[in-house]
Number of protein chains: 2
Amino acid sequence: MSTTQERTAEQDLPYDVFSRACPSRGTLEHVTGRWGALTLGALYQGSFRFNELRRRVDGVSEKMLAQTLHALERDGLVHREAQPTNPPRVDYELTALGREVAGRLLALIECVEGRMDEVLASRERYDERRTPTA
Amino acid sequence: MSTTQERTAEQDLPYDVFSRACPSRGTLEHVTGRWGALTLGALYQGSFRFNELRRRVDGVSEKMLAQTLHALERDGLVHREAQPTNPPRVDYELTALGREVAGRLLALIECVEGRMDEVLASRERYDERRTPTA
DNA sequence: CAGAATCCCAACTGATACTG
DNA sequence: CAGTATCAGTTGGGATTCTG
């Protein structure tokens with residue numbers, strides 16, 4: 001083990017997502033994953049029931065939404081409020097922490113959406129360049 | 001077209017990532033995907049060669065890094081500068097667009113990293129609650 | 001060094017069906 | 001309504017090998 005601690009002079013946060021073993025990687029994936037991101041984005045608008053969310057997040061399956069909500073709840077980003085009525089009613093909403101994270105996420109999403117024209121144009125150029133002219 | 005435009009009072013961007021068919025979803029996934037996010041984050045620090053990036057993004061395989069860089073280059077977020085020398089030298093850096101996106105992404109990453117203690121605490125509480133006391 | 005190509009397993013994902 | 005359980009198809013992703 002001659003591994004010298006190659007500190008890359010970034011910052012001194014206790015967690016470093018660039019490191020393979022950091023737990024923040026897992027959370028980041030829950031947040032940025034396909035359904036995690038959209039779910040957080042949807043919940044930024046308010047409180048919703050399970051099937052309301054399913055409709056808002058177009059294309060998500062029951063299974064994936066449940067799984068996503070579990071992960072986000074476990075990470076403390078989403079609060080699950082279940083009423084023991086019949087039929088059952090369960091509401092999901094962001095926690096304070098979740099709202100913070102979702103805010104940054106929304107900023108990112110809006111940034112990407114706002115620049116999609118550039119992205120699409122770039123793609124065309126890229127594909128053209130590679131297309132065999134023959 | 002009897003579909004009533006349920007405008008959820010969001011904004012009038014031409015792209016809506018919440019919609020299944022929107023191309024912004026794909027780009028968002030390139031950006032937020034496991035390796036996409038870390039790669040953009042790493043490139044925010046400067047220009048790097050292929051293997052330098054591999055070292056910075058701990059755990060990424062050659063294949064995934066190449067694949068990730070292709071997608072980001074195609075989307076116009078990363079610029080690839082290849083010098084026809086021998087041995088070859090290729091540098092990757094963010095485009096102006098890429099820098100913008102990466103900036104928001106970094107804000108998100110730092111937010112998550114800075115709150116990991118809360119996340120970890122939440123996880124413990126959650127797991128405890130579910131653990132059969134038996 | 002910078003990558004492309006191949007192989008292959010594991011994980012993600014989506015229907016479907018079922019339960020409280 | 002709010003999920004869980006199961007199964008099958010697709011993709012993700014790592015290790016290895018090969019090329020310019």
Side-chain angles (χ1 to χ4, degrees), chain A residues 17-21 25-39 42-43 47-74 78-93 126-127 129-132, chain B residues 19-21 25-39 42-43 47-74 78-93 126 129-130 132:
Chain A
V17 77
F18 290 99
S19 180
R20 203 194 312 235
R25 250 197 208 187
T27 300
L28 189 67
E29 277 168 43
H30 297 156
V31 171
T32 62
R34 173 162 16 170
W35 302 123
L38 298 177
T39 302
L43 284 172
S47 175
F48 295 102
R49 303 176 62 173
F50 189 84
N51 281 305
E52 286 177 334
L53 272 177
R54 257 200 90 188
R55 261 168 271 130
R56 292 201 143 228
V57 180
D58 191 26
V60 70
S61 67
E62 287 185 9
K63 181 182 170 185
M64 292 322 300
L65 182 57
Q67 189 174 302
T68 300
L69 286 170
H70 280 320
L72 294 178
E73 189 196 354
R74 190 169 102 100
V78 164
H79 175 68
R80 180 177 185 277
E81 185 78 32
Q83 287 162 41
T85 60
N86 192 315
R89 178 191 176 100
V90 181
D91 288 273
Y92 292 92
E93 61 186 339
Y126 183 93
D127 293 343
R129 218 177 305 138
R130 312 203 117 211
T131 303
Chain B
S19 181
R20 201 192 315 233
R25 254 199 204 183
T27 300
L28 190 67
E29 276 167 43
H30 298 156
V31 170
T32 63
R34 170 160 17 169
W35 302 122
L38 297 178
T39 301
L43 284 173
S47 176
F48 295 101
R49 303 175 63 175
F50 189 83
N51 281 305
E52 285 177 334
L53 272 177
R54 259 201 88 187
R55 261 168 272 131
R56 291 202 143 228
V57 181
D58 190 25
V60 71
S61 67
E62 287 186 9
K63 180 184 171 184
M64 291 322 299
L65 182 55
Q67 189 173 302
T68 300
L69 286 169
H70 278 322
L72 294 178
E73 189 196 352
R74 191 169 101 101
V78 165
H79 174 68
R80 180 177 184 277
E81 184 79 33
Q83 287 163 41
T85 61
N86 192 314
R89 177 189 176 102
V90 181
D91 288 272
Y92 292 92
E93 60 185 340
Y126 183 93
R129 218 177 304 140
R130 312 203 119 211

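Every chain is numbered from 1, with letters handed out A, B, ... down the list of sequences.
Over its full length, the helix from C:dC1-D:dG20 to C:dG20-D:dC1 turns its helical axis through 40°, comparing axes from the five pairs at each end and rounding to 10°.
Looking only at distances, no side-chain donor or acceptor of B:Asp58 sits under 3.5 Å from a matching main-chain atom of A:Ser19. Side-chain N or O atoms of A:Arg25 include one that pairs as donor or acceptor with a backbone N or O of A:Phe18 at under 3.5 Å.
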Grab the N/O contacts between the protein and nucleotides 7-9 of chain D below 3.5 Å, and write none if there aren't any.
none

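Out of C:dA4, D:dG3, C:dC1, the shortest distance to the side chain of B:Arg49 is found at C:dC1. When distances are taken from the side chain of B:Met64 to each of D:dG14, C:dC1, C:dG14, the shortest belongs to D:dG14.
The structure places CG of B:Leu43 at 10.5 Å from CG of B:Asp91, a figure rounded to the nearest 0.5 Å.
Interface residues of residues 82-90 of chain A facing DNA chain D, ordered by number: A:Pro88, A:Val90; criterion, heavy-atom separation under 4.0 Å.
Positionally, the nearest nucleotide of DNA chain D for A:Arg55 lies more toward the 5' end than for the other of B:Val60 and A:Arg55.
For D:dA15, the base has no donor-acceptor partner in the side chain of B:Glu62 [N/O atoms by modelled type, under 3.5 angstrom].
Residue contacts shown for B:Arg54 are absent, as no nucleic acid heavy atom lies under 4.0 Å away. Contacts of A:Gly33 with the nucleic acid, taken as non-hydrogen atoms under 4.0 Å apart, are absent.
OP1 or OP2 of C:dC1 has not a single side-chain nitrogen or oxygen of B:Tyr92 nearer than 4.0 Å. Checking the phosphate oxygens (OP1, OP2) of D:dG3, no side-chain nitrogen or oxygen of A:His70 falls inside 4.0 Å.
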